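To start, the structure under review is shown below, and the notes come after it.
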Amino acid sequence: SLFRTSSGFIYVNNETYPSLPALFGRFLLFGKIYEARLQYFHDNPYLCDIDAKTQSQFVVPPNPVIHANDGSNLTLPADPVILLVNRGNCPFEEKANNAERLHRSIRFLVVANFNLDNSMIEEETLVPMYSQGYTQLVLLSVSHSTGQALKEFLSKQPANETALGGPRIFFDSQPPEGFSSQDLQSMLLSAMGLF
């Protein structure tokens, strides 16, 4: 079963999970569906630093080769990677910068919210991500429950899928149902006010 994000939602096994684009970094084009290979580091879930073990766990997707009718081969760029990390322990910008330093095939970052008090509200909360810094990555925020579902999805993948850089997931930049562009602007202004 593939995860697929459309209109700000991730779908798996007939369930829908909302996502929220960050208020900094690169933006996705509206109406376009993107895909990337999902990875997660169990030993470095916050990605607040990069150590040798994290570097050795990252799987670079192979470059596919197309065999043309004339016998020539065309090597395509490797699939981009979307990295799942947990919220906390360091700023969003630091997580993004560490992901960029880890490998150039990482183009997207999904940050799963935490649930410190085990409440239903925090379990489903989407946190707007803002930073005054810059990153080349696209960042998406998901709830704690969505993060747990993604981790469970990854744990059930066969070894050959993991060896290819992880399972493919699909996503776009539409805000979740109930969020308007005015809501996102208000979040941005609120986040800027905190700084």
Side-chain angles (χ1 to χ4, degrees), residues 1-5 10-13 17 19-22 24-28 33-67 73-116 127 129 131 133-171:
S1 59
L2 287 178
F3 279 80
R4 183 178 187 276
T5 305
I10 296 173
Y11 299 95
V12 63
N13 297 332
Y17 302 96
S19 63
L20 184 65
F24 76 105
R26 291 183 51 235
F27 294 95
L28 300 176
I33 295 176
Y34 295 80
E35 73 175 281
R37 292 190 175 271
L38 180 65
Q39 293 190 34
Y40 174 74
F41 304 124
H42 292 281
D43 295 326
N44 192 353
Y46 299 99
L47 202 66
C48 291
D49 56 20
I50 301 174
D51 54 19
K53 189 169 188 177
T54 302
Q55 289 174 325
S56 68
Q57 286 180 327
F58 179 71
V59 180
V60 180
N63 293 79
V65 175
I66 292 180
H67 304 285
N73 294 332
L74 175 65
T75 303
L76 300 176
D79 291 331
V81 170
I82 185 165
L83 194 58
L84 174 64
V85 299
N86 294 343
R87 178 184 171 203
N89 291 4
C90 64
F92 299 124
E93 181 186 354
E94 187 174 338
K95 296 175 190 297
N97 290 338
N98 286 335
E100 282 184 286
R101 283 196 292 273
L102 187 58
H103 199 273
R104 69 180 183 275
S105 64
I106 300 174
R107 305 282 177 80
F108 310 97
L109 195 67
V110 175
V111 180
N113 195 22
F114 47 61
N115 188 354
L116 296 179
V127 177
M129 293 185 286
S131 172
Y134 181 76
T135 176
Q136 286 287 329
L137 301 184
V138 173
L139 287 87
L140 296 172
S141 174
V142 296
S143 67
H144 180 262
S145 63
T146 299
Q148 295 301 105
L150 286 166
K151 291 170 197 173
E152 183 179 351
F153 173 69
L154 279 171
S155 72
K156 294 178 178 177
Q157 296 303 306
N160 63 327
E161 192 70 34
T162 303
L164 291 173
R168 286 187 175 97
I169 66 168
F170 301 86
F171 48 94

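Bear in mind the structure is a predicted one, so any value in this text is a computation, not a measurement. All values below were derived from every heavy atom in this structure, side-chain atoms included, with hydrogens, water molecules and symmetry-related copies excluded. For this chain, numbers begin at 1 and follow the sequence in order.
For residues 154-166, every residue pair satisfying the salt bridge (Lys or Arg N to Asp or Glu O under 4.0 Å) rule, not counting sequence neighbours, is listed here: R37-E161, E152-K156.
Minimum heavy-atom separation, S19 to V142: CB-CG1, 3.9 Å. The two residues L154 and P167 come nearest to each other via the heavy atoms CD2-CD, 3.5 Å. A78 and P61 make their closest contact through CB-O, 3.2 Å (heavy atoms, listed as atom of the first residue, atom of the second, distance). For the residue pair F108 and L137, the shortest heavy atom distance occurs at N-CD2, 4.2 Å. The two atoms that bring N89 and Y46 nearest to each other are ND2-CD1, 3.3 Å, heavy atoms only. A pairwise comparison of heavy atoms in S143 and A112 identifies O-CB, 4.1 Å as the closest pair.
For the ring-ring contact (aromatic ring centres under 6.0 Å, His included) test, residues two or more places apart in sequence or in another chain that qualify with F58 are H103. By the ring-ring contact (aromatic ring centres under 6.0 Å, His included) test, F24 pairs with no residue at all, sequence neighbours left out. The salt bridge (Lys or Arg N to Asp or Glu O under 4.0 Å) test applied to E35 returns R168, not counting sequence neighbours. With sequence neighbours left out, H144 forms a ring-ring contact (aromatic ring centres under 6.0 Å, His included) with no residue at all. Looking at residues two or more places apart in sequence or on another chain, you find a side-chain hydrogen bond (donor to acceptor under 3.5 Å, both in side chains) between Q57 and D43.
The distance from atom NE2 of H42 to atom OG1 of T54, rounded to the nearest 0.5 Å, is 12.5 Å. To the nearest 0.5 Å, the span separating CD on Q39 from CD on Q157 amounts to 12.0 Å. Atom-to-atom distance recorded for F41:CZ and I50:CD1 is 8.5 Å, nearest 0.5 angstrom. Note that CG of L139 is 11.0 Å distant from CG of L20, once rounded to the nearest 0.5 Å. One finds the OG atom of S145 at 9.5 Å from the CG atom of L150 (value rounded to the nearest 0.5 Å). For the atom pair SG of C48 and CD of E94, the computed distance is 5.5 Å after rounding to the nearest 0.5 Å.
Panel note: side chain N98, backbone L47; a donor-acceptor pair is recorded below 3.5 Å. The backbone N or O of R101 lies less than 3.5 Å from no partner atom in the side chain of R104, so there is not a single donor-acceptor pair.
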Check step by step if side chain to side chain contact (heavy atoms under 4.5 Å, CB included) holds for V81 and V60.
-> CA-CA 8 Å; V81 170; V60 180; over 6 Å; no
Take Q55 and L102 through the test side chain to side chain contact (heavy atoms under 4.5 Å, CB included) and record every step on the way to the result.
-> CA-CA 7 Å; Q55 289 174 325; L102 187 58; 3.8 Å; yes
Candidate pair F92 and R87, rule side chain to side chain contact (heavy atoms under 4.5 Å, CB included), full reasoning = CA-CA 8 Å; F92 299 124; R87 178 184 171 203; 4.0 Å; yes
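The closest side-chain heavy-atom distance from P91 to S131 is not below 4.5 Å. With a 4.5 Å cut-off on side-chain heavy atoms, P62 and L164 count as touching. Looking only at side-chain heavy atoms (C-beta outward), K151 and L84 come within less than 4.5 Å of each other.
Put simply, the residue from V85, L83, N86 that forms a side-chain contact (heavy atoms from CB on, under 4.5 Å) with Y40 is N86.
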